[in-house]
S.K.: 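My structure is below; once you've seen it, I'll send some questions.
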Amino acid sequence: MSASAAPPSLDSVVTSVATKLMAATAATSAQVSQEVLADLVAYFGVDVSFLRYNDHSIRASRLVAEWPVRTGIPDPDPLAVVYYTDADPVFAHSEHAKRPMVFRPEASTDDYQRRIEEGRAVPQTSLAAAPLVSGDVTTGVLGFVKFGDREWTTEELNALEAITSLLAQVQARVLAEEQLRYLADHDDLTGLHNRRSLLAYLDNRLAAGQPGPVATLYFDLDRLKAINDYLGHTAGDWFIRVLAERLRREADDIDVIARLGGDEFVVVPAAPMDAETAEALAYRLRNTLNERVSIDGEMLTRTASIGIALGVPGQDSTSDLLRRADQAVLTAKSAGGNMISVFTEEMSLKGELRNDIELHLQSVIENGSLILHYLPEVDMRTGEILAIEALVRWQHPTRGLLSPESFIGVAESINLAGELGRWVMRTACAEFAGWRSRGVGHNIVLRLNVSPVQLVTDGFVDTVAGIISEFGIDPESVCLEITENVVVQDIETTRVTVAGLKDAGVQVAIDDFGTGYSALSHLKSLPVDTLKIDRSFVRELGSDPGDLAIVRAIIALAESFGLELVAEGVETEAAALTLLRHGCHRAQGFLLSRPIAGAAMESLLARGRIALNFSVSQRL
Ligand code: C2E
Ligand code: CA
Ligand code: CA
């Protein structure tokens, strides 16, 4: 930097640091952390910076990065691992702190001063310590030491909070990657049977001549992933182990308990069992699982969905039985979780639906039984409509109005996703252009969902640009939504396509944000405009503090990247008010409006706003 250049602003430093952290992977995180510390030391004009992670299992704090790197480090290094049990007040603070703290030279921090002196041989210091917080857990601390006194402004401390929220994300990402590696060669976390031994066991039980029916209880822990992502894999593993232990404790009449994957368990009772008895057993087991689990002093509960199926020896195969149990658990899950459901023939109709869809989808796209509904996106402060999202439905002759989730997956699997996507885009653009020609909807954005397959299809950008210009729509008022998972899966192609869309002037949003943590590292390289917070985090806002922590982290992230933020699935007033209180005012959800047909949307757009049935000003 030349002597005359203006110093960088705090905002620009935060943004540049955020950008580096976003791109960090498990492999680069240590190096990137150190670079970030170096940047911050230079900017804040302090002498030393350090990053430490908490290890709550041994109540210790571990040094992860420091700047400048000390020379002549004593052996053992008094700063490497610090146990909270014998820590001075300053260190003790970083075990559970939730907000940044500043310690200036005074008598009460003497022990801390002494520790620094031992480690570094320098006198009196001041310290700013900003905790890394993930969910409800303090996972580490970012510290800045100034030899001598230094004041920290509120603005600087706010910046530290934004940076530590990113550092906590990096930490969670590293843990998640480690967990993936771990799971690749361990499936004995719980000491339970694994899939292979379950299959072999069921093959025997289902052999002709064996006593039956053989009951199978398929457990799926609801939303376990959030524990893993935000409390770390150690917490998630511990949780599973506790639950497995509980299942085993109940195991008098249970022959096999197997863990199939992350959060899926199968229980097979020893005795032949009818559906009613199996259901009673499921209720008993669920009650045991529902009891709270303590993790590092945090009390967590997770509910479980349970699917039950019966197999007849000599008649049903192992894969029949597991498929039915799986279908039953899917039904239980989609009924809202924490449910128990017994497989019925009706569920197997769902399998038939798939065949039906496969057979008819092609002609459906051509013959007009697809329709679009629209979901408004609203400024919750005013009720003003800011955007509308097109959602496809299939008016099926005998099955009624089918949700996209029931047929989009099938369309993708039989290579019809492109065709379906083009239909949606053309139809939505035609309708949108029609409204505009009648004078409504000029200030709103049309949001279109894009299936992952479309995104990696050759010529996708040209197709989009072609359709938009065919209907004379300005590209800026069209936004394509891509799900976070696709961003994770095929980042290279996605990056090229997104860049092409931006060149064409179209907006891009990341949908279901928060469900695939790895996308964070790619945000930087994807020129997206908007993040949509997945509705699983929004649904229980106002009652689940873990969800609030996640949403706040996403809000901080969007702010530091200058991205628009939209909350999906606002169903309750509590969620709406919580979002507003934390600075997220764009939202969609059943509290505001259900998806509505095109004609109804046109009249709604003519009014320009929806009536809010909760009062913002009174409650904030
Ligand atoms: P999405 O993109 O997350 O769309 C929002 C979904 O959430 C819609 O479901 C909407 O009805 C629902 N929703 C909105 N507010 C609430 C709420 O407060 N509570 C609850 N429980 N749900 C709410 P829908 O229409 O069934 O669509 C489901 C998914 O299907 C969409 O999720 C999207 O991923 C996909 N989809 C819909 N239309 C299309 C399309 O044209 N193309 C592609 N590729 N995917 C589509
Ligand atoms: Ca969407
Ligand atoms: Ca979504």
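Counting starts at 1 for both ligands and their atoms, in listed order.
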S.K.: Could you list which atoms of ligand 1 come closer than 4.0 Å to a heavy atom of Val450?
M.R.: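 That gives atoms 44 (N) of ligand 1.
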S.K.: Taking the N/O/S atoms of Glu481 one by one, which is nearest to the Ca ion (ligand 2)?
M.R.: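 Going through the N, O and S atoms of Glu481 one by one, OE1 ends up nearest to the Ca ion (ligand 2).
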S.K.: Does any N or O in the side chain of Ser305 come within less than 3.5 Å of the main-chain N or O of Val329, such that one atom is a donor and the other an acceptor?
M.R.: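 No, because the side chain of Ser305 does not come within donor-acceptor range (under 3.5 Å) of the backbone of Val329.
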S.K.: Do the side-chain N and O atoms of Thr530 and Arg586 include a donor-acceptor pair separated by under 3.5 angstrom?
M.R.: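 There is no such pair (donor and acceptor under 3.5 Å, judged by atom type) between the side chains of Thr530 and Arg586.
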S.K.: For ligand 1, which atoms have a heavy atom of Asp512 less than 4.0 angstrom away?
M.R.: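 The atoms of ligand 1 under 4.0 Å from a heavy atom of Asp512 are 3 (O).
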S.K.: Heavy atoms only: which of His373, Arg594, Arg393, Arg535 is nearest to atom 6 (C) of ligand 1?
M.R.: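 Answer by nearest heavy atom: Arg535.
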S.K.: Considering just N/O/S atoms, say which atom of Asp511 is closest to the Ca ion (ligand 2).
M.R.: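 So the atom name we want here is OD2.
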S.K.: Counting only heavy atoms closer than 4.0 Å, does ligand 1 sit against the backbone of Leu391, its side chain, both, or neither?
M.R.: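 Answer for Leu391: both.
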S.K.: Just to verify, which of Glu377, Glu564, Glu389 counts as forming a side chain to side chain donor-acceptor pair (under 3.5 Å) with Lys532?
M.R.: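 Going through the options one by one, the only one that passes is Glu389.
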S.K.: Pick one of side chain, backbone, both or neither for how Lys532 approaches ligand 1, counting any non-hydrogen atom pair under 4.0 Å.
M.R.: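 Neither; no heavy atom under 4.0 Å.
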S.K.: Answer yes or no: does an N/O atom from Glu405 fall short of 3.5 Å to an N/O atom of ligand 1?
M.R.: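 Min N/O separation from ligand 1 is not below 3.5 Å for Glu405.
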S.K.: Any side-chain to backbone donor/acceptor pair from Thr497 onto Leu455? Under 3.5 Å, distance only.
M.R.: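 Yes, the answer is positive, given that a donor and an acceptor are paired below the 3.5 Å cut-off.
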S.K.: Does ligand 1 have an atom that lies less than 4.0 angstrom from a heavy atom of Gly421?
M.R.: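 So Gly421 does not count as touching ligand 1.
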S.K.: In Å and rounded to the nearest 0.5 Å, what is the NE2 to CZ distance from His373 to Arg393?
M.R.: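 Result: 6.0 Å between the selected atoms.
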S.K.: Salt-bridge test for Arg426 and Glu470: reply yes if a basic N is under 4.0 Å from a carboxylate O, no otherwise.
M.R.: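 Result for this pair is yes, salt bridge flagged.
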S.K.: Heavy-atom contacts with Glu571 under 4.0 Å: which atoms of ligand 1 show up? List them by number with element.
M.R.: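 The atoms of ligand 1 under 4.0 Å from a heavy atom of Glu571 are 17 (C), 18 (O), 19 (N), 20 (C), 21 (N).
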S.K.: Select the closest option to atom 43 (C) of ligand 1 among Ile408, Leu592, Val570, judged by heavy-atom distance.
M.R.: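 Residue with the shortest heavy-atom distance to the ligand atom: Ile408.
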S.K.: Please identify which atoms of ligand 1 are closer than 4.0 Å to at least one heavy atom of Leu375.
M.R.: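 Contacts of ligand 1 toward Leu375, numbered from 1: 14 (C).
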S.K.: Just heavy atoms, cut-off under 4.0 Å: does Ser451 contact ligand 1 by side chain, backbone, both, or neither?
M.R.: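 Both backbone and side chain of Ser451 come within 4.0 Å of ligand 1.
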S.K.: Output yes when a side-chain donor or acceptor of Gln171 lies under 3.5 Å from a complementary backbone atom of Thr139, and no otherwise.
M.R.: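 Confirmed, Gln171 side chain pairs with Thr139 backbone.
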S.K.: Find all atoms of ligand 1 within a distance of less than 4.0 Å from any non-hydrogen atom belonging to Val424, and give their numbers and elements.
M.R.: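 Per the distance check, 41 (O).
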S.K.: If you count the atoms of ligand 1 from 1 in the order shown, which ones are under 4.0 Å from a heavy atom of Val392?
M.R.: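 Near Val392, meaning under 4.0 Å from one of its heavy atoms, ligand 1 has 38 (N), 39 (C), 40 (C), 41 (O).
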S.K.: Using the ring of each side chain (for Trp, its six-membered ring), is Trp394 parallel, tilted or perpendicular to His396, with breaks at 30° and 60°?
M.R.: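 Trp394 and His396: tilted rings.
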S.K.: Using a plain distance cutoff, I'd like to know if Leu591 has any nitrogen or oxygen under 3.5 Å from a nitrogen or oxygen of ligand 1.
M.R.: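 Such a contact does not occur with ligand 1.
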S.K.: Taking side chain to side chain contact (heavy atoms under 4.5 Å, CB included) as the test, write out the residues that go with Ser469, two or more places apart.
M.R.: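 Not a single residue meets the side chain to side chain contact (heavy atoms under 4.5 Å, CB included) criterion with Ser469.
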S.K.: By atom name, which N, O or S atom of Glu389 is the nearest to the Ca ion (ligand 2)?
M.R.: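 Of all N, O or S atoms belonging to Glu389, OE2 is the one nearest the Ca ion (ligand 2).
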S.K.: Could you pull out, from Phe590, Trp423, Phe407, the option with a heavy atom nearest to atom 22 (N) of ligand 1?
M.R.: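 Heavy atom nearest to atom 22 (N) of ligand 1 belongs to Phe590.
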S.K.: Return yes when at least one N/O/S atom of Thr483 is nearer than 3.0 Å to the Ca ion (ligand 2), and no when none is.
M.R.: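 Not a single backbone or side-chain N, O or S atom of Thr483 is under 3.0 Å from the Ca ion (ligand 2).
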S.K.: Under 4.0 Å from a heavy atom of Glu568: which atoms of ligand 1 are those, numbered in the order shown and with their elements?
M.R.: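 Contacts of ligand 1 toward Glu568, numbered from 1: 3 (O).
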S.K.: So Lys502 and Asp529, salt bridge (charged side-chain N to carboxylate O under 4.0 Å, His left out) or not? Walk me through it.
M.R.: CA-CA 10 Å; Lys502 295 305 300 175; Asp529 306 274; 2.7 Å; yes
S.K.: Heavy-atom contacts under 4.0 Å between Gln588 and ligand 1: side chain, backbone, both, or neither?
M.R.: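 Near ligand 1, Gln588 shows nothing, with every heavy atom at 4.0 Å or more.
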S.K.: Before giving the answer on salt bridge (charged side-chain N to carboxylate O under 4.0 Å, His left out), spell out for Arg323 and Asp320 the whole-Å C-alpha distance, their side-chain angles and the decisive distance to 0.1 Å.
M.R.: CA-CA 5 Å; Arg323 189 171 32 75; Asp320 288 339; 3.0 Å; yes
S.K.: Taking N, O or S atoms only and a limit of 3.0 Å, check whether Asp512 reaches the Ca ion (ligand 2).
M.R.: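 No, since none of the N, O or S atoms of Asp512 sits under 3.0 Å from the Ca ion (ligand 2).
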S.K.: Does some side-chain heavy atom of Pro595 sit less than 4.5 Å from a side-chain heavy atom of Phe590?
M.R.: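 The answer is yes; the side chains approach within 4.5 Å.
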S.K.: Measure the CG-CG distance between Leu563 and Leu557 for me, rounded to the nearest 0.5 Å.
M.R.: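 Here the interatomic distance stands at 7.5 Å.
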S.K.: Less than 3.5 Å between some nitrogen or oxygen of Asp511 and one of ligand 1, yes or no?
M.R.: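 For ligand 1, there is an N or O atom that lies under 3.5 Å from one belonging to Asp511.
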S.K.: Check whether any side-chain N or O of Arg552 sits under 3.5 Å from a backbone N or O of His582 as a donor-acceptor pair, and report yes or no.
M.R.: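 Side chain of Arg552 to backbone of His582, a donor-acceptor pair under 3.5 Å: no, none is there.
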S.K.: When you compare ligand 1 with Gln454, is there at least one nitrogen or oxygen pair between them that comes in under 3.5 angstrom?
M.R.: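 Min N/O separation from ligand 1 is not below 3.5 Å for Gln454.
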